[in-house]
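Okay, so here's the structure we're looking at.
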Amino acid sequence: MNSPSIDLSRRRFLRGLGVSLALPALDSILPGPAWAAGAAPATTASGAPLRMAFLYVPNGVNKSLWKPVGTGTDYQLNKSMEALAPHRSELQFITRLGQQNGTAGSDGAGDHARACASILTGARPKKTAGADIRVGVSVDQVAARHLGDQTRFASLELSCDGVRKSGSCDSGYSCAYQFNLSWRSETTPVAPESNPRLVFERLFGSGQPGERQKIFDQRMAQQKSILDFVSDDAKNLQRQLGRNDQQKLDEYLTGVREIESRIQRAERFRELPDPGVGAPAAGVPAKYEDHIRLMGDMLVLAFQTDSTRVATFLLAHDGSNRSFKDEGVSDGHHNLSHHQSDPEKLEKIAKIDQFYVRQLAWFLKRMRETKDRDGRTLLDNSMIVYCSGLGDGNAHSHSDLPVILAGRGGGAFHPGQHLDPVSGTPMNNLYVTMLNTMGVKVDSFGDSTGMLKNV
């Protein structure tokens with residue numbers, strides 16, 4: 001019979017029929033290859049995994065209430081950023097970055113399509129509504145190619161929008177450009193998943209497709225939790241863990257169950273839609289904020305269990321005309337973005353900006369609350385980019401983009417500052433820095449002119 005330490009050293013999952021529940025980092029479990037210091041390019045000096053994620057919001061911002069006042073460490077948060085005050089020491093506000101490949105050219109209008117298509121690829125999309133799409137490989141997929149063999153999933157793509165890969169959406173550009181941030185090749189987007197149930201099953205289901213479907217149907221029919229199928233394995237593991245790890249495992253399993261319960265509630269209790277508005281799909285919360293936070297929680301779990309180290313999250317596609325009635329804004333976001341300096345419209349845009357910033361603040365709080373293998377937090381060992389592909393939605397400008405970099409990059413970054421580089425500095429300079437920090441050695445990306453210094 002193997003000793004407990006040998007048994008534990010092989011532990012990465014709790015297993016049951018048709019279920020494989022990845023474990024978080026536990027001190028009692030001896031570090032395996034994915035945790036060993038220096039074993040993979042995407043590890044910190046202390047041996048923990050290094051992660052990157054990109055969160056995208058649409059239509060630019062109200063710039064007068066966005067940009068911090070002052071530079072360096074001596075700055076003040078502007079009105080739209082007030083919710084980020086508790087995380088100030090973990091943030092870098094980077095202004096004046098631009099994306100040249102999103103700007104207007106000989107192919108005319110289509111700034112919303114170009115905003116989404118170019119923000120992570122650093123490339124200009126080919127204008128077509130048909131199948132002949134072409135843009136470039138996105139920065140997340142560059143990282144995933146180098147690091148994907150270290151985790152179960154090379155990358156994770158999330159969205160709160162439906163998935164569209166064809167048709168015409170913006171001035172003759174294919175919908176594929178607006179509804180996909182991640183591109184595996186110049187012609188192949190990596191479609192994001194917007195249904196929380198499908199993300200949950202991807203993270204925690206296992207087995208052959210037929211078996212997985214059978215167990216899933218059984219759980220649904222009997223209203224069983226996924227934890228019911230791994231309970232025996234969990235009890236066996238608990239007996240081998242130290243007291244602190246027993247508590248960590250309990251907290252983790254409680255968190256998994258809480259997420260599962262939220263999905264189940266969305267599946268059972270679907271709110272009636274407003275007239276003319278389609279009902280959300282089964283498992284998708286009717287309230288937008290609930291949808292964002294449910295997807296964000298699963299992203300935290302994916303990082304916590306080292307299921308992936310690379311992720312994108314499209315909160316809404318550029319050009320989205322969603323209204324925000326809970327914020328007192330019944331107008332569509334896209335319509336408001338053409339504000340023509342109207343004070344009333346600008347104030348409403350600021351309310352939308354504040355809504356999205358609150359979601360970022362909530363996500364960062366979850367990352368800070370979750371401990372990593374080396375005793376630091378997930379946020380310490382991550383690089384989180386929050387951005388939009390437009391600066392001022394009224395001007396459709398692709399310069400001076402709203403960009404926030406959160407996390408310490410495993411100790412490589414020095415947050416707590418407003419970084420204000422030379423006007424026109426390419427957004428892609430930031431990506432060159434991030435890729436090299438992840439251990440992906442590149443000299444350039446898109447229209448970059450080098451690494452972004454002093455981050």
Side-chain angles (χ1 to χ4, degrees), residues 2 4 6-35 39-40 42 49 51 144 147-158 193 195-241 245-246 248-264 267 283 294-295 297-311 370 372-373 378:
N2 291 331
I6 295 176
D7 286 339
L8 287 175
S9 71
R10 297 171 181 169
R11 280 283 194 173
R12 297 298 301 277
F13 304 95
L14 293 176
R15 298 189 184 277
L17 183 60
V19 172
S20 179
L21 190 64
L23 288 169
L26 300 169
D27 292 335
S28 302
I29 296 180
L30 299 176
W35 292 103
R51 298 98 171 169
L147 311 171
D149 61 350
Q150 303 295 321
T151 55
R152 284 196 298 154
F153 306 110
S155 58
L156 184 65
E157 293 75 37
L158 304 176
E193 181 53 66
N195 190 305
R197 166 62 70 184
L198 297 181
V199 177
F200 186 86
E201 296 302 324
R202 182 185 179 197
L203 289 175
F204 301 128
S206 69
Q208 298 301 315
E211 179 190 48
R212 292 183 66 170
Q213 186 64 49
K214 180 180 178 181
I215 297 302
F216 174 75
D217 292 342
Q218 180 181 339
R219 280 165 40 210
M220 296 301 101
Q222 299 177 6
Q223 296 186 344
K224 283 191 172 184
S225 166
I226 199 169
L227 301 184
D228 294 331
F229 290 80
V230 297
S231 60
D232 290 342
D233 203 21
K235 291 175 183 177
N236 180 55
L237 177 60
Q238 283 279 21
R239 289 192 289 268
Q240 301 181 69
L241 296 178
D245 278 347
Q246 288 178 359
K248 287 181 184 178
L249 182 59
D250 282 339
E251 291 173 351
Y252 168 68
L253 295 178
T254 298
V256 171
R257 179 55 187 148
E258 195 269 338
I259 287 174
E260 187 180 32
S261 296
R262 284 155 61 191
I263 295 172
Q264 290 171 339
E267 290 170 332
L294 187 51
M295 301 298 272
D297 265 334
M298 286 191 285
L299 176 52
V300 172
L301 278 183
F303 281 162
Q304 182 184 10
T305 56
D306 201 27
S307 295
T308 192
R309 300 178 186 177
V310 180
T370 307
D372 207 351
R373 177 66 178 84
L378 286 185

Specify the closest pair of heavy atoms between [X] and [Y], including all atoms of both residues, with the distance to one decimal.
X    : Y    : answer
K248 : A25  : CD-O, 4.3 Å
G16  : V230 : N-CG1, 3.8 Å
A144 : A154 : CB-O, 3.6 Å

Please round to the nearest 0.5 Å and tell me the distance separating atom [atom1] of [X] and atom [atom2] of [Y].
X    : Y    : atom1 : atom2 : result
S28  : Q246 : OG    : CD    : 8.0 Å
I263 : F200 : CD1   : CZ    : 5.5 Å
L203 : S20  : CG    : OG    : 11.0 Å
E157 : L299 : CD    : CG    : 11.0 Å
L249 : T254 : CG    : OG1   : 9.0 Å
E251 : D245 : CD    : CG    : 11.0 Å

Would you check, one step at a time, whether the test side chain to side chain contact (heavy atoms under 4.5 Å, CB included) holds for F13 with T305?
CA-CA 9 Å; F13 304 95; T305 56; over 6 Å; no
Could you check if a side-chain atom of [X] sits within less than 4.5 angstrom of a side-chain atom of [Y], using non-hydrogen atoms only?
X    : Y    : value
Y252 : L21  : yes
M295 : L158 : yes
M298 : P196 : yes

Expected output: side-chain T308 to main-chain A302 donor-acceptor under 3.5 Å
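The answer is no, because no donor-acceptor pair under 3.5 Å joins these two groups.
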D297 side-chain N/O to L294 backbone N/O, donor-acceptor pair under 3.5 Å:
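Side chain of D297 to backbone of L294: no pair is present.
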Could [X] and [Y] be called an ion pair, given the rule that one side-chain N must be under 4.0 Å from one carboxylate O?
X    : Y    : result
E260 : R257 : yes
D306 : R373 : no
R202 : E193 : no

Decide side chain to side chain contact (heavy atoms under 4.5 Å, CB included) for T370 and L301; before the verdict, give the C-alpha distance in whole Å, the side-chain angles of both, and the deciding distance to 0.1 Å.
CA-CA 9 Å; T370 307; L301 278 183; over 6 Å; no
Is there a side chain to side chain contact (heavy atoms under 4.5 Å, CB included) between T151 and R51? Walk through the geometry before answering.
CA-CA 11 Å; T151 55; R51 298 98 171 169; over 6 Å; no
Scan V19, L23, V256, D232 and name whichever one has a side-chain contact (heavy atoms from CB on, under 4.5 Å) with L14.
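Passing option: L23.
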Residues which pass salt bridge (Lys or Arg N to Asp or Glu O under 4.0 Å) with D250, listed by chain and number, not counting sequence neighbours:
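Once residues adjacent in sequence are excluded, D250 has no partner under the salt bridge (Lys or Arg N to Asp or Glu O under 4.0 Å) criterion.
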